[in-house]
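What follows is one structure encoded as structure tokens, with my remarks underneath.
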2 protein chains.
Amino acid sequence: MLSKKSQYAFKALAYLTEKYQQGPVLISEISTKKRVPLKFLENILLELKKADILESKKGKGGGYYLKKDPSQVKVAAIVRIVNGPIAMLPCVSLNFYKRCDNCDETACGLHDIMIKVRDATLNVLETKTLIDLLPMK
Amino acid sequence: MLSKKSQYAFKALAYLTEKYQQGPVLISEISTKKRVPLKFLENILLELKKADILESKKGKGGGYYLKKDPSQVKVAAIVRIVNGPIAMLPCVSLNFYKRCDNCDETACGLHDIMIKVRDATLNVLETKTLIDLLPMK
DNA sequence: AAACAGTCCACATAGTTGGTAGGATAGGCT
DNA sequence: AGCCTATCCTACCAACTATGTGGACTGTTT
């Protein structure tokens with residue numbers, strides 16, 4: 001399951017996608033409009049900035065805004081940043097691979113199943129972008 | 001990600017699938033063969049029994065064994081028992097549904113994305129069974 | 001300089017995870 | 001009946017993660 005943090009991140013990103021190319025948006029505005037605890041949101045946005053998703057400006061007229069066009073930012077990337085691995089097992093993760101203990105990957109049925117799950121999941125998450133966060137008109 | 005508990009559960013189930021119709025298997029045997037902490041494994045097997053996946057026998061000659069034919073037990077069922085919801089959000093879970101706060105499901109882009117992920121995932125997990133845990137010959 | 005708004009660090013608290021201890025319970029055998 | 005066996009059950013624990021909060025600091029704008 002996605003953490004609360006991740007859900008907050010997506011709410012914030014949806015808001016920033018709406019406001020794309022309309023200048024910086026205050027953390028406090030996102031917080032009140034999307035009902036996300038202010039200080040918690042601060043941390044999340046900062047993390048997204050460090051991951052190169054957002055850009056920020058300090059001082060009057062400052063705030064956060066999307067660094068790239070929302071249609072270019074994949075949902076999969078966001079999940080990896082705020083929620084961690086997408087795969088259900090470390091040994092089938094593309095971005096967070098870790099060998100599993102006492103388990104020969106070449107002879108592990110679960111391994112194969114989880115690769116299929118990963119591919120099916122990525123097939124969705126890698127094709128959806130921030131644009132898809134907005135409700136259809 | 002699947003918890004350690006879930007991974008242990010699958011190891012144990014793989015072993016019991018191998019030994020299907022060969023009588024009860026001791027917890028201690030599974031523990032040593034699959035390198036799963038004994039007491040932890042006890043809890044896991046008990047949970048699987050309560051969930052109607054396993055059957056047990058006490059006393060001499062006792063142990064655990066599969067209640068149904070392994071080809072009839074879906075991997076999805078095991079994940080739900082030992083790991084919880086398969087969906088990435090409560091509001092798109094079939095078996096653990098919970099409405100999300102401050103979020104209109106009919107106008108939530110994330111909701112739609114996660115439904116697609118859920119369906120793609122279930123498409124794999126509902127078609128794989130315990131048999132698929134065993135390595136191909 | 002003053003107001004503003006993000007940055008950073010430290011902490012608090014609650015809940016989950018992974019694992020252990022010890023005894024209760026029940027079946028099998030002589 | 002009485003003993004062995006093996007599961008069943010309750011409680012507990014340490015470590016970690018998730019979810020926040022508080023307060024001081026840095027840089028910008030006017």
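Quick caveat, the model's predicted, so the values are computed rather than measured. We name chains A, B, ... by the order of the sequence lines, and we start the count at 1 in each one.
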**Asked** Hey, does A/Leu38 reach any base, or is it just sugar-phosphate, or nothing, if we go heavy atoms under 4.0 Å?
**Response** nothing
**Message:** Under 4.0 Å, counting only non-hydrogen atoms across every strand here, what does A/Leu26 touch: a base, just sugar-phosphate, or nothing?
**Reply:**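 Sugar-phosphate, backbone atoms only, no base.
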Taking the side chain of [X] as heavy atoms from C-beta outward, which of [options] is closest to it?
X	options	value
A/Leu46	C/dC8, D/dT10, D/dT19	C/dC8
B/Ile27	D/dT7, C/dG19, D/dT21	D/dT7
B/Ser56	D/dT7, D/dG20, C/dT20	D/dT7

Rounded distance (Å) that lies between atom [atom2] of [N] and atom [atom1] of [X]:
X	N	atom1	atom2	result
A/Leu2	D/dT17	CG	C1'	16 Å
A/Gln7	D/dG20	CD	P	11 Å
A/Met1	C/dT17	CE	P	12 Å
B/Leu54	D/dA6	CG	C1'	15 Å
A/Glu47	D/dT19	CD	C1'	13 Å
A/Leu45	C/dA5	CG	P	15 Å
A/Glu55	C/dA5	CD	P	18 Å
B/Phe40	D/dC13	CZ	P	18 Å

**Message:** Determine whether a donor-acceptor pair (N or O, by modelled atom type, separation under 3.5 Å) exists between the side chain of A/Ser6 and the backbone of A/Leu2.
**Reply:** no
**Prompt:** A/Ser31 side chain to A/Ile27 main-chain N or O, any donor-acceptor pair under 3.5 Å?
**Reply:**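 Not confirmed, A/Ser31 side chain does not pair with A/Ile27 backbone.
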**Asked** For C/dC8, does OP1 or OP2 lie under 4.0 Å from any side-chain N or O of A/Lys50?
**Response** yes
**Request:** Indicate whether OP1 or OP2 belonging to C/dG19 is found under 4.0 Å from a side-chain N or O atom of B/Tyr8.
**Result:**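 Affirmative; the distance criterion is met.
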**Pairwise salt bridge (charged side-chain N to carboxylate O under 4.0 Å, His left out) hits with a residue in residues 74-99 of chain A, at least two apart** =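 Passing the test, one end in residues 74-99 of chain A: A/Lys74-A/Glu126, A/Arg80-A/Glu126.
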**Message:** So if I define the base as every atom that isn't primed, P, OP1 or OP2, how would nucleotides 24-30 of chain D read as a B/S/- string at a heavy-atom cutoff under 4.0 Å?
**Reply:** --BBBS-
**Asked** Same cluster or not: are B/Leu110 and A/Ile81 linked, directly or through other Ile, Leu, Val, Met, Phe, Trp or Tyr residues, by side-chain heavy atoms under 4.5 angstrom apart?
**Response**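 As far as the 4.5 Å side-chain criterion goes, A/Ile81 and B/Leu110 are connected within one cluster.
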**Message:** Let me check something: do B/Met114 and B/Met1 share a hydrophobic cluster, defined by ILVMFWY side-chain heavy atoms less than 4.5 Å apart, either directly or through other members?
**Reply:**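 Hydrophobic grouping puts B/Met114 apart from B/Met1.
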**Message:** B/Lys50 vs B/Glu47, test: salt bridge (Lys or Arg N to Asp or Glu O under 4.0 Å). Steps then yes/no.
**Reply:** CA-CA 5 Å; B/Lys50 287 180 179 163; B/Glu47 195 171 346; over 6 Å; no
**Message:** As a quick check of understanding, evaluate side chain to side chain donor-acceptor pair (under 3.5 Å) for A/Tyr65 and A/Gln22, giving each step before the final call.
**Reply:** CA-CA 9 Å; A/Tyr65 52 97; A/Gln22 296 176 32; over 6 Å; no
